[in-house]
Amino acid sequence: SGDETPIEFVDDAGGSFVVPEVTQGCIAMGMLPVAMPLNYGQNGMITIDSFTTVTISGTISFWKQGVDTFPNCLVKIMYDGETDSVYTDQSGYYEVIVPVGKDVVVMPQRDENVSNGVLTSDALAIQLHLLSPGNPVLVSPYQFIAADVNGTENVTISDAGRIQSLAILLIPDFKPQRESWTFVDASYVFADPTIPFPYPDTIAYPNILANQPNTDFIGVKMGDVTGNAETNMAVAGPVIDNRSGNGLTIGLEDRKLTKGEIVEMVFTAQDFTTMNAMQYTLSYDKHALKLMGFSQGSLQSVLYNLVEDGQVAMSWVGGEDVNLPDGSPLFTFTFEALEDVESLRGLMNITNDKAWIEAVRYTTQMTDINLDIQSVTDTELPSASEAFELFQNRPNPFNDMTVIGFRLPVAETAVLTVMDMAGRVVLQKELEGSIGYNEFVLETNDLPAKGMYQYEVKAGVYSGVKKMITIQ
């Protein structure tokens, strides 16, 4: 009595295992490779009924705390060249039964609603992070993973560009580099949260012999750096819960239109202070108006996408705080009137239809955007800028083409001169400039080699000089 004698058990397949403590009616079950029921017979004979299956279970959750878990998320279970599938329940929990002794790999997958949670503010966050290494914006390893939409295992300004493009549906997805979602083993500890690559996106159980609870994963929506994605696919739109009451207003002068008339509509700034980014859908009556063109104004690098007639998705990233005087022309759309129009009110509005409404002020505060269509009795038509201005080329650096924009207070012939850093002229272009915004388009094959250049725009008595970099 009380003696401890190791006993070796041999299974039908010839495998063996040792249990160090066996007493009548009691066996150290934790020492068995699987939870096997024991049958005690006469003369101390013990038989073990071997299980043929085990259970794998776990929960999938979102990386941002306080956000609901994943209902209806596909979980793939792979072994012997076969794939079984199960979906999580409303709490994000899943459970699956697999045969004992198999080499099992568990992999969640979701590749739908690619633009879910992808906003212009995500591109802004990456840009601010790269511009301010001493004051990082990205702090969670899951933010770095979400930002790497190019699949380079590094966060770059190119990632920000693709995110901004997807936010207004200029590109359909992040493939082939990334699917819509990726998942990380929840038990994985990152050695350096700022360098989370590579990370385990599956959980493997070689020769599985026991139940495996807590096979948990963390979900990351690619492109959603700020954590606004909706994990419940039955809900439309991102989760934006930090809106302030200090809304942004964009002005537009009301006017009458005659069928066939071509008109430039100048959208102007109102209380455009400490602004960092914005996106929205400009919706208009496609039966009354036809979009003919677009030009930049005081804002640079505005992206737009005519998703369909009557729906224009807009996005702008300004980086650090941008301040513009009231009445400044932000951008101009050119429309053709398809019928006589008495007023633009009721024909045009800012909506969530294609690009979700958001504006970022003070780098953190989200706000709504309103379109104020003003009658001529409310305000005077904004005049063209009274000052010449040369803008930084965009993009910069560039490896294909770039745009050099400038603003003229008067119509004047403009000459672009590009010089290398030794002052040698390598390119000249000329155009007939009009009052307001104008631009030169420059391609890399216009220049002799990659590197830094200086460019100058002269128009009559006006001139300006800036630098640019080509990485052809």
Side-chain angles (χ1 to χ4, degrees), residues 118-128 157-158 160-171 248-252 264-284 291-307 311-335 348-361 367-372 382 384-385 389-396 398 401-407 434 436-442:
V118 180
L119 302 169
T120 297
S121 56
D122 296 306
L124 170 67
I126 293 175
Q127 187 176 113
L128 293 176
I157 198 66
S158 178
R162 290 194 78 192
I163 288 171
Q164 186 182 10
S165 295
L166 182 61
I168 59 171
L169 308 178
L170 273 172
I171 59 175
L248 173 66
T249 298
I250 296 177
L252 175 65
E264 290 186 344
M265 298 187 186
V266 181
F267 293 76
T268 59
Q270 294 186 23
D271 191 27
F272 204 94
T273 57
T274 60
M275 293 302 304
N276 308 105
M278 64 178 178
Q279 75 168 46
Y280 55 88
T281 304
L282 179 65
S283 298
Y284 60 90
L291 181 63
M292 302 295 290
F294 170 83
S295 61
Q296 308 273 356
S298 299
L299 292 183
Q300 294 301 294
S301 301
V302 176
L303 294 184
Y304 80 100
N305 179 25
L306 180 60
V307 183
Q311 302 284 343
V312 182
M314 305 283 296
S315 175
W316 166 75
V317 177
E320 298 179 351
D321 293 350
V322 174
N323 301 279
L324 294 174
D326 287 354
S328 297
L330 300 176
F331 49 84
T332 300
F333 277 112
T334 302
F335 286 96
M348 189 174 294
N349 202 1
I350 287 176
T351 70
N352 286 316
D353 289 346
K354 299 300 178 182
W356 207 258
I357 295 174
E358 69 158 0
V360 185
R361 198 188 293 268
T367 185
D368 289 318
I369 306 175
N370 301 302
L371 179 63
D372 180 18
S385 171
E389 185 173 2
L390 175 62
F391 301 111
Q392 184 64 52
N393 66 301
R394 60 186 197 279
N396 186 47
F398 66 99
M401 59 84 69
T402 191
V403 174
I404 297 173
F406 60 99
R407 189 167 56 218
S434 58
Y437 180 81
N438 300 265
E439 64 183 31
F440 287 98
V441 177
L442 190 62

Rounded to the nearest 0.5 Å, how far does OG of Ser121 lie from CD of Glu358? 3.5 Å
Shortest non-hydrogen contact between Thr273 and Arg361, atoms and distance: O-NH1, 2.9 Å
Where do Leu390 and Ile404 land on the side-chain contact (heavy atoms from CB on, under 4.5 Å) test, with the steps shown first? CA-CA 8 Å; Leu390 175 62; Ile404 297 173; 4.0 Å; yes
Looking only at the aromatic ring of each residue, does the gap between the centers of Phe406 and Phe440 stay below 6.0 angstrom? yes
Ring geometry between Phe335 and Tyr284 (parallel below 30°, tilted from 30 to 60°, perpendicular above 60°): perpendicular
Write down the atom of Met401, the atom of Val441, and the distance for their closest heavy-atom approach. CE-CG1, 3.4 Å
So do Thr281 and Ile350 actually touch side chain to side chain, heavy atoms under 4.5 Å? no
Heavy atoms, side chains only, cut-off 4.5 Å: are Ile157 and Gln127 in contact? yes
Is the closest side-chain heavy-atom distance between Leu303 and Val317 below 4.5 Å? no
Look up atom CD in Gln279 and atom CG in Asp122, then write down how far apart they are to the nearest 0.5 Å. 8.5 Å
Could you give the distance from CG (Leu169) to NZ (Lys354), rounded to the nearest 0.5 Å? 7.5 Å
Between Asn352 and Ile357 the two heavy atoms that sit nearest each other are OD1-N, 2.6 Å
With distance as the sole criterion, is a donor-acceptor pair present between the side chains of Gln164 and Ser315 under 3.5 Å? yes
Over all atoms of both residues, closest heavy-atom pair of Thr268 and Leu252: OG1-N, 4.4 Å
Is the gap between the ring centers of Phe333 and Tyr304 under 6.0 Å? yes
Out of curiosity, Phe294 CZ to Thr332 OG1, how far, rounded to the nearest 0.5 Å? 8.0 Å
Test side chain to side chain contact (heavy atoms under 4.5 Å, CB included) applied to Gln270 - qualifying residues, sequence neighbours left out: Thr249, Asp372, Gln374
Is the shortest side-chain heavy-atom distance between Val312 and Asn305 below 4.5 Å? no
Answer whether the closest heavy-atom distance between the side chains of Phe398 and Asn393 falls below 4.5 Å. yes
Show the nearest heavy-atom pair for residues Leu299 and Leu324, with the distance to one decimal. CD2-CD1, 3.8 Å
Centroid-to-centroid, Trp316 to Phe267, below 6.0 Å? no
Do you know which two heavy atoms are closest between Ser298 and Arg407, and how far apart they sit? OG-NH1, 3.2 Å
